[in-house]
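Remember, it's a predicted structure, so these values are computed and weren't measured experimentally.
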Amino acid sequence: MLLDGRRGLVFFLILMLAGCGLDKPAPVPVPVPSPSPAGPSPSAPVLESEPAVIPGAARPGVLPIVIQHGPRAAKRVALTFDADMTDAMIARLKRGEVKSYANLRLLKILENRRVPATFFVTGQWAEQYPEVTRRIAGNPLFEIANHSYEHAAFTGDCYNLPRVAPAGMTEDVAKTFRVLEPFGGRQTRYFRFPGLCHDAAARKALAPLGVTIIDGDVVSGDPFARGPSPVVNAVLDQVKPGSIVIMHVTEANAQYTDDALPAILAGLKRKNLQPVTLSALLG
């Protein structure tokens, strides 16, 4: 019994001396994680970029707003060019009565001078002139908008245009978006009614498509002009900061627009007005 007591005392003293740091054990190393490979770890959240906002896009189902002009504060204007095409125009082309409804000289002036512009294109014009439409879509200074499929009227008594049936209005515009989309480029959800003719029923028909309706406050009158001067005067007499100018790229129906364009651009410069795309004007 005494021997066992002495052994216990010796063991107790050894433990006490070890606790006093005479033979302090080395600290246990803490493992350091190795550097992660480049890029996020499999469990890290990946932030997706937000989808690009399409100019003119509105919430589907809401009655589209109608825009006449942009902000008046900034000295900027939007030059817009309608590309009309009706069944009757196609028939005249086939019979050889007209040469072209695509004003390539006008397009070249815009390209050479690097002038931004917005083209309101009908579906039938894009189908008739796919190469020209691709040329427009391929220019980063140009953007494409919707001008209906066959340039038929959405109301009665609209410049003697044939009329779209009320039940077909939504599909007419939707079909045009489908025609234009494959051309790429700067697509928009802007829409301009043929002849600027619209009423509450026509606007309601377009509500499901999520569009913004564009009229304009400067009508050039180029389809009815008998020379370039009336077109130049009509634009420069009416234009002001924020204006949306309506012209045409349909050569046979607006044959003096290309002749008028250089003088119009010079006049805008004198007025210190900068041409921009419609989306840039409207912000």
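- For E143 (side chain) and T277 (main-chain N/O), no donor-acceptor pair under 3.5 Å exists by modelled atom type.
- Counting heavy atoms from C-beta outward, Y149 and Q124 have side chains that approach closer than 4.5 Å.
- Between the D222 side chain and the V231 main chain, no donor and acceptor come within less than 3.5 Å of each other.
- V219 and V232 fall into different hydrophobic clusters, defined by Ile, Leu, Val, Met, Phe, Trp and Tyr side-chain heavy atoms under 4.5 Å apart, directly or through other members.
- Grouping the Ile, Leu, Val, Met, Phe, Trp and Tyr side chains by contacts below 4.5 angstrom, directly or via other members, places F81 with I264.
- Looking only at distances, no side-chain donor or acceptor of D87 sits under 3.5 Å from a matching main-chain atom of E150.
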### Task
Please assess L93 against M89 for the test side chain to side chain contact (heavy atoms under 4.5 Å, CB included), listing each intermediate value before the final yes or no.
CA-CA 6 Å; L93 277 173; M89 292 164 69; 5.9 Å; no
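- Between L110 and A117, the closest heavy-atom pair is CD1-CB, 4.2 Å.
- Note that CG of L106 and CG of L261 are 5.5 Å apart. Values are rounded to the nearest 0.5 Å.
- Once rounded to the nearest 0.5 Å, the distance linking CG of N146 with CZ of F177 reads 4.0 Å.
- Criterion: ILVMFWY side-chain heavy atoms under 4.5 Å apart, direct or through other members. Under it, V245 and V249 are part of a common hydrophobic cluster.
- At a threshold of 4.5 Å between non-hydrogen side-chain atoms, the residues V77 and L281 do not count as touching.
- Salt-bridge formation is detected for the pair R134/E131: a Lys NZ or Arg NE/NH1/NH2 atom is positioned less than 4.0 Å from an Asp or Glu carboxylate oxygen.
- In the displayed structure, D237 atom CG is contacted under 6.0 Å by more than 12 heavy atoms of other residues, nucleotides or ligands.
- Looking at Q68 and D217, their side chains never bring a donor and an acceptor atom within 3.5 Å of each other.
- Closest heavy-atom contact between P60 and P208: CB-O, 3.4 Å.
- No more than 12 heavy atoms of other residues, nucleotides or ligands shown are found within 6.0 angstrom of CG on N160.
- In this pair, H147 and H151 present their aromatic rings perpendicular. The plane angle is above 60°, beyond the 30 to 60° band.
- In this structure, R95 places its CZ atom where more than 12 heavy-atom neighbours from other residues, nucleotides or ligands lie under 6.0 Å away.
- Contact of the L278 side chain with the T188 side chain is not registered, since no non-hydrogen atoms from C-beta on lie closer than 4.5 Å.
- Without hydrogens or angle criteria, N233 side chain to S229 main chain gives a donor-acceptor distance under 3.5 Å.
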### Task
Apply the test side chain to side chain contact (heavy atoms under 4.5 Å, CB included) to residues D82 and T250: give CA-CA distance (whole Å), side-chain angles for both, the deciding distance (0.1 Å), then the verdict.
CA-CA 7 Å; D82 291 357; T250 46; over 6 Å; no
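- From L79, atom CG reaches atom CZ of F142 across 10.5 Å, with rounding to the nearest 0.5 Å.
- By the criterion of side-chain heavy atoms lying less than 4.5 angstrom apart, applied directly or through intervening Ile, Leu, Val, Met, Phe, Trp or Tyr residues, L161 is not grouped with F154; the two fall into different hydrophobic clusters.
- D84 has its side chain out of reach of P194: every pair of non-hydrogen atoms, C-beta onward, lies at least 4.5 Å apart.
- Between the CD atom of Q187 and the CG atom of L180 there is a distance of 6.0 Å, given to the nearest 0.5 Å.
- Heavy atoms only, all atoms of each residue included: M85 and W125 are closest at CB-N, 3.5 Å.
- No single ILVMFWY cluster, assembled from side-chain heavy atoms under 4.5 Å apart, contains both F119 and V276.
- Counting all heavy atoms, side chain and backbone alike, T170 lies closest to A205 at OG1-O, 2.6 Å.
- The heavy-atom pair separating C158 from G195 by the smallest distance is SG-CA, 4.1 Å.
- In terms of modelled atom types and a separation under 3.5 Å, the side chain of R113 and the main chain of E111 share no donor-acceptor contact.
- Within a 6.0 Å sphere centred on CD of E181, other residues, nucleotides and ligands contribute 12 heavy atoms or fewer.
- Within the 4.5 Å cutoff, the side chain of L209 has no heavy atoms near those of the F191 side chain.
- The CG atom of L265 sits 11.0 Å away from the CZ atom of R270 when rounded to the nearest 0.5 Å.
- Between P64 and R203, the closest heavy-atom pair is O-NH2, 2.8 Å.
- For the pair R135/N139, no side-chain contact is recorded, criterion being any heavy-atom separation below 4.5 Å from C-beta on.
- Between I67 and L282 there is a side-chain heavy-atom pair separated by less than 4.5 Å.
- For R72, the CZ atom sits in a packed shell: over 12 heavy atoms of surrounding residues, nucleotides or ligands are nearer than 6.0 Å.
- T257 is not listed as a side-chain neighbour of S220, based on a closest heavy-atom distance of 4.5 Å or more.
- To the nearest 0.5 Å, atoms CZ (R189) and CD1 (I214) are separated by 13.5 Å.
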### Task
Given side chain to side chain contact (heavy atoms under 4.5 Å, CB included), test K108 with R105 step by step and report yes or no.
CA-CA 5 Å; K108 190 172 182 180; R105 180 168 177 258; 5.6 Å; no
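- No side-chain donor-acceptor contact under 3.5 Å links R192 to the backbone of T80.
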